[in-house]
Number of protein chains: 2
Amino acid sequence: MPPGLKDVAAQAGVSIKTVSNVVNGYVHVAPETRARVQQAIDALGYKPNMAARQLRSGRSGVIALAVPELQSPYFAELAGRIVHAAERRSWTVLIDQTDGHAERERNLVAGLRRHAIDGLIFSPLALAGEELARGGDETPMVLLGERVWHGPADHVAIDNTAAAADATRHLAESGRRRIAAIGAQDFPSAVTAQQRLAGYRAALEQAGLPADPALVAEVESFHRADGAAAMARLLDGPRPPDAVFCFNDLLALGAVRTLLERGYSVPGDVAVIGFDDIEDGRFSTPTLSTIAPDLGRIAELAVDLLAERLGEGEAATAAPRELRVSHRLVARESTLGS
Amino acid sequence: MPPGLKDVAAQAGVSIKTVSNVVNGYVHVAPETRARVQQAIDALGYKPNMAARQLRSGRSGVIALAVPELQSPYFAELAGRIVHAAERRSWTVLIDQTDGHAERERNLVAGLRRHAIDGLIFSPLALAGEELARGGDETPMVLLGERVWHGPADHVAIDNTAAAADATRHLAESGRRRIAAIGAQDFPSAVTAQQRLAGYRAALEQAGLPADPALVAEVESFHRADGAAAMARLLDGPRPPDAVFCFNDLLALGAVRTLLERGYSVPGDVAVIGFDDIEDGRFSTPTLSTIAPDLGRIAELAVDLLAERLGEGEAATAAPRELRVSHRLVARESTLGS
DNA sequence: ATGAAAGCGCTAACAC
DNA sequence: GTGTTAGCGCTTTCAT
């Protein structure tokens, strides 16, 4: 049996409360008493029991991060940043992998959590709109990625539509005329895909380019294989594109692979731009042009928002906030040439 | 205040124990009573308080996974697999990012954990050997990756040395004579690097190839940038290699980048093989030959070992086990040509 | 500045 | 089958 406050108290010849005071850094403890208690703590190797502490205080010091999958570089990097940001507040992060399954995500939102967490940072994939409304559960939640519906949850995201337009415009400005898009998705929860598609179309129109439906390739998910397959379909079409905007870097990397495999030059024959700025794109051949969201800022803001809700101040009950994070276009070889 | 067992009991007109029985799926409850209780549970939206449950049972249902960094595809994928494996046992996974800092890792091992966890899966980077011995803390730990010292912890790994030899032999067998290695590390805890280096040297000797020290490039860490820089140094050397064995795929991808950037053909001029089989290598150009450890199996075994230690059976106190997981060589374009 | 006692929500023993 | 009771280890009034 591990030692408890009681054991330390006995060893130090003080009351349990005094030990608790020392452990929690309470100020009004005689230096001499403190020393004696500390000595007993060290001698016994006492460690506070977090379950008991939480039972009393209601706080676990754990927040959950729910992402579709850690395997995707974007989410892996996001997770890493959030773990670091949380660390600065002495929180640890529990990872929930939803695999993009609607039911898994619904459970999360419903608060059907099996574990005591102080807050949730959630990057939904299968759920959107009103389905994200929380029933009953008081645990604060911060949503990542796009949302359309103004509900009772804080939210951090970049301007997807504007970013997609930036990417497309970059292609148009380098003289490309048949600009394809890879990553369209039809289902209602695919908000991200729809916003990027909207940005793509807006930029096309602004550039005075026709919107050829044959140049929009749908994908099942946002992985390399999907991008490779979509690119193949585009190439097999009547008139192949001379540029492609892919809705994320993984799709772009897959598309590039198909192009090179078939003997096309990138960007000579076809320029390619992605979205996310994952590390792979900085070392691929050709290096990948992309949209770089300010990931570090996203992570920080998400954790900050949670902290505010968890705090005592008035912010805890404020209306849901919607925070916009900046992004920038990073032009590399896949659109510029080397 | 969220409803507790007591509230449900009152609502259903039964005792608190009966409610507990229903919640925990105890068998001997009259169907009719069960229904009534369940109804009360639903009506009140009762959720068990995990802190209290843990305080009693001593189990939190949370295990921790400590890795150097989630940003590395290998660890991201490992983490994803472990989260899934844990899920099958209804555990959730807490992520600890050590950043490879020795002190962080030392705290972990010392059990200086701030949070109640049932077990720890740990992939050490800065610590090795006796430093990994646990003091006092009873929480079961499973070590991932290589170890040299036979201590009181379970351990899952592939045969690093043999795998490195396989990779090197593959290069030699395709007729390469000046085979370089990228990834050597000098510090004592760099067990992985040392084992892979040993495998490389053994294979060289077996193939009757001289071991030229100028062909062994050291790196600070195992990232793309390190691989790119190391390759550049090799190329700037007196007699550049005609093949490179990189100690992980990230290094290899960086090396390939440098080669292509400088106009070398891969594998025409220089063949490259990596280690880990991360997804990037399957879509890069050229696709990357590599050593593929059975990651899924590693994750499963790690979780299984923890489960056994946590179980009631005799296995809980058995001697530390050392489990070897298989690996295979995956030859792709970077060594074969396309 | 320190101590005594209550109780957080739950499970485990033991009645009935 | 179901109810009663006693803590798990801690924080928190309230005293002193």
Side-chain angles (χ1 to χ4, degrees), chain A residues 1-38 40-41 44-62 111 113-118 137-139 312, chain B residues 1-41 44-62 111 113-118 138-139 312:
Chain A
M1 212 58 169
L5 277 186
K6 166 160 87 299
D7 304 298
V8 179
Q11 169 98 6
V14 296
S15 94
I16 184 179
K17 176 66 200 325
T18 304
V19 180
S20 174
N21 282 340
V22 171
V23 171
N24 294 306
Y26 183 61
V27 202
H28 299 295
V29 183
E32 179 212 327
T33 315
R34 176 184 302 277
R36 198 147 35 89
V37 170
Q38 188 57 54
I41 289 179
L44 266 43
Y46 166 78
K47 307 242 177 52
N49 177 320
M50 298 313 295
R53 179 175 289 181
Q54 183 195 345
L55 185 55
R56 278 307 303 191
S57 68
R59 287 286 162 79
S60 64
V62 176
R113 301 207 40 70
R114 284 187 317 278
H115 301 288
I117 56 164
D118 294 345
D137 200 312
E138 299 295 294
T139 317
E312 305 289 297
Chain B
M1 213 57 170
L5 277 187
K6 159 159 92 302
D7 305 299
V8 178
Q11 168 98 7
V14 296
S15 93
I16 182 179
K17 177 64 203 320
T18 304
V19 180
S20 174
N21 282 340
V22 172
V23 170
N24 294 305
Y26 184 61
V27 203
H28 300 294
V29 183
E32 179 211 328
T33 316
R34 178 185 300 277
R36 198 146 36 89
V37 170
Q38 189 57 54
Q39 197 174 324
I41 289 179
L44 265 42
Y46 166 78
K47 307 243 177 50
N49 178 320
M50 298 313 295
R53 181 175 287 181
Q54 184 196 343
L55 184 55
R56 275 311 308 200
S57 68
R59 288 287 162 79
S60 64
V62 177
R113 303 207 38 73
R114 284 186 318 276
H115 301 286
I117 56 164
D118 294 345
E138 298 295 295
T139 318
E312 305 289 300

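Naming convention: chains lettered A, B, ... in sequence-line order (proteins, then strands); numbering from 1 in each chain.
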* Encode nucleotides 9-16 of chain C as B, S and - characters from 5' to 3', where the letter depends on protein heavy atoms closer than 4.0 Å: B to the base, S only to sugar-phosphate, - to neither. => BBBBB---
* Asked: Hey, can you pull the residues of residues 25-34 of chain B with a non-hydrogen atom under 4.0 angstrom from DNA chain D?
  ->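 Within this stretch, B:H28, B:V29, B:A30, B:T33 sit under 4.0 Å of the strand.
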* Minimum heavy-atom distance B:V22-B:Q38, with the two atoms named ->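 So the minimum-distance heavy-atom pair works out to CG1-OE1, 4.1 Å.
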* the helix from C:dA1-D:dT16 to C:dC16-D:dG1: angle between its terminal axes, five pairs each, to 10°? ->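 The angle separating the two end axes equals 30°.
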* Expressed in angstrom and rounded to an integer, what is the separation of A:R36 atom CZ from C:dT2 atom C1'? ->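 Computing the A:R36:CZ to C:dT2:C1' distance gives 11 Å.
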* Distance below 4.0 Å between A:S15 side-chain N/O and C:dG3 OP1 or OP2 ->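 Looking at the OP1 and OP2 atoms of C:dG3, one of them is under 4.0 Å from a side-chain N or O of A:S15.
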* **Nearest-0.5 Å distance, CD of residue B:Q54 to CG of residue B:D118** =>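 Separation between the atoms: 7.0 Å.
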* Asked: Heavy atoms, side chains only, cut-off 4.5 Å: are B:V62 and B:M50 in contact?
  ->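 No. Closest side-chain heavy atoms not under 4.5 Å.
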Can you list, pair by pair, the side-chain donor-acceptor contacts under 3.5 Å of residues 12-21 of chain B, counting residues two or more places apart and other chains?
| residue | atom | partner | partner atom | Å |
| --- | --- | --- | --- | --- |
| B:S15 | OG | B:K17 | N | 3.1 |
| B:S15 | OG | B:T18 | N | 3.4 |
| B:K17 | NZ | B:N21 | OD1 | 3.2 |
| B:S20 | OG | B:N24 | ND2 | 3.3 |

* Asked: Going by the ring pair (Phe, Tyr, Trp, His ring centres under 6.0 Å) test, which pairs reach into residues 13-33 of chain B, not counting sequence neighbours?
  ->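 Listed once each, the pairs are B:Y26-B:H28.
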* Asked: Taking only residues two or more places apart in sequence or in another chain, which ones pass side chain to side chain donor-acceptor pair (under 3.5 Å) with B:N49?
  ->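 B:N49 satisfies side chain to side chain donor-acceptor pair (under 3.5 Å) with no residue once adjacent residues are dropped.
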